[in-house]
Amino acid sequence: MKITLIRNATLWLEYGGVKFLIDPMLSEPGVNPPIPNTENDRRNPLVPLPPQWESLGQPDVVIVTHLHPDHWDPAAAQWLDKQLPVLCQPGNEDQIAADGFTQVTPVWVVGSVGEIEIIRTTGHHGTGEIGEQMGPVSGFVFQAPGEPVVYLAGDTIWCSEVAEALDKYHPEWTIVNAGGARFTVGDPITMTAQDVTTVAQHAPYTQVVAVHMEAINHCLLTRTELTEHIRNEGLSERVHIPVDGESLSDK
């Protein structure tokens with residue numbers, strides 16, 4: 001198992017002999033407008049793709065947790081081979097097919113790629129009315145012979161669904177979307193520093209990988225701030241905060 005953070009929530013996961021590209025946002029810096037109703041007007045993405053990205057090539061499978069533009073953008077739809085298998089949450093398949101992809105499969109509960117079992121989980125992309133407006137989001141659990149269990153939580157805050165997924169699957173690795181993304185009103189819609197801490201404390205058996213930072217203008221939690229918080233909580237050995245292009249492995 002090898003996890004490479006490309007940028008934001010875009011991940012390259014090598015698992016069970018399969019190369020997964022997760023939540024591809026491949027736009028050049030500044031080509032997209034800022035997220036509306038936020039504290040600044042910086043254009044997105046804030047940073048370029050890492051140079052390592054160019055050497056990866058096409059994946060074997062694409063996974064899209066939901067269709068917000070920082071997880072699936074026109075640049076990704078244009079660059080990816082339209083024959084690639086794409087796994088998504090139910091309700092998103094028509095839009096991805098409309099982008100030209102011919103092998104789109106919604107994962108209702110459990111999907112598979114060879115011997116790899118892929119189980120869809122749920123979460124809350126915020127609280128109250130804002131959480132409702134953000135729409136449904138999904139995570140995915142990966143299980144395969146000879147591989148650690150990996151839980152990709154997706155765009156969710158800490159909630160009972162995340163706790164239940166941790167308790168049920170006991171993942172050795174848990175990838176969370178941090179950044180504390182928020183609007184000018186309401187609560188955060190992705191995990192805050194305290195949420196990341198809660199994940200690690202709730203599941204002392206898992207290595208936590210925190211991504212989704214410093215790439216989109218409404219993600220206000222920085223890597224430096226999260227690193228300091230994690231250090232103060234005594235969790236530095238179990239919470240990893242990769243920079244763009246960095247890889248983590250179970251070997």
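FYI, the numbering just counts along the sequence from 1. Quick note: numbers below take in every heavy atom, side chains included, and nothing from hydrogens, waters or symmetry partners. It should be emphasised that the depicted structure is a prediction, and the values quoted were computed from it without experimental measurement.
Side-chain N/O atoms of Q95 and N92 include no donor and acceptor closer than 3.5 Å. No side-chain N or O of D23 forms a donor-acceptor pair with one of H66 less than 3.5 Å apart. Side-chain atoms of D99 and W72 form a donor-acceptor pair, as typed in the model, at a separation below 3.5 Å. Using modelled atom types and a 3.5 Å distance limit, the side chains of D187 and T127 yield a donor-acceptor pair. In this model, no donor atom of one side chain and acceptor atom of the other lie less than 3.5 Å apart for E147 and Q143. Side-chain contact annotation: T184 with N37, donor-acceptor N/O pair under 3.5 Å absent. Using a 3.5 Å distance cut-off with no hydrogens or angles, the side chains of S138 and T65 do not pair a donor with an acceptor. Inspection of the D155 and H68 side chains reveals no N or O donor paired with an N or O acceptor under 3.5 Å.
Between R7 and D70 no salt bridge is recorded (no basic side-chain N to carboxylate O distance below 4.0 Å).
Remark: the backbone N or O of F183 is not paired with any side-chain donor or acceptor of T38 at under 3.5 angstrom. Not a single donor-acceptor pair under 3.5 Å links the side chain of E115 to the backbone N or O of A144. Remark: the backbone N or O of R223 is not paired with any side-chain donor or acceptor of E225 at under 3.5 angstrom. Side-chain N or O atoms of R43 include none that pairs as donor or acceptor with a backbone N or O of P34 at under 3.5 Å.
With rounding to the nearest 0.5 Å, the separation of CG in D244 from CG in N8 is 8.5 Å. With rounding to the nearest 0.5 angstrom, the OG1 atom of T122 is 7.0 Å from the NE2 atom of H124. If you take OG1 on T105 and CD1 on I118, they are separated by 10.0 Å, rounding to the nearest 0.5 Å. For the atom pair W12 CH2 and I6 CD1, the distance stands at 7.0 Å (nearest 0.5 Å). Between the CD atom of E172 and the OH atom of Y205 there is a distance of 10.0 Å, given to the nearest 0.5 Å.
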For residues 228-237, which side-chain donor-acceptor pairs fall under 3.5 Å, sequence neighbours excluded?
| unit_1 | atom_1 | unit_2 | atom_2 | d |
| --- | --- | --- | --- | --- |
| H229 | NE2 | T197 | OG1 | 2.9 |
| N232 | ND2 | E228 | O | 3.3 |

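Between W158 and H202, the ring centre distance stays below 6.0 Å.
Counting heavy atoms from C-beta outward, E117 and S112 have side chains that stay 4.5 Å or more apart.
Here the closest non-hydrogen pair linking S27 and D73 is OG-OD2, 2.5 Å. Pairing each heavy atom of P188 with each of I157, the nearest pair is O-CG2, 3.5 Å.
W173 and V243 end up in different hydrophobic clusters when Ile, Leu, Val, Met, Phe, Trp and Tyr side chains are linked at under 4.5 Å. Following chains of ILVMFWY side-chain contacts shorter than 4.5 Å, one cannot reach L11 starting from L67, and the two form parts of different hydrophobic clusters.
Residue Q194 qualifies as enclosed at atom CD: its count of foreign heavy atoms under 6.0 Å is above 12.
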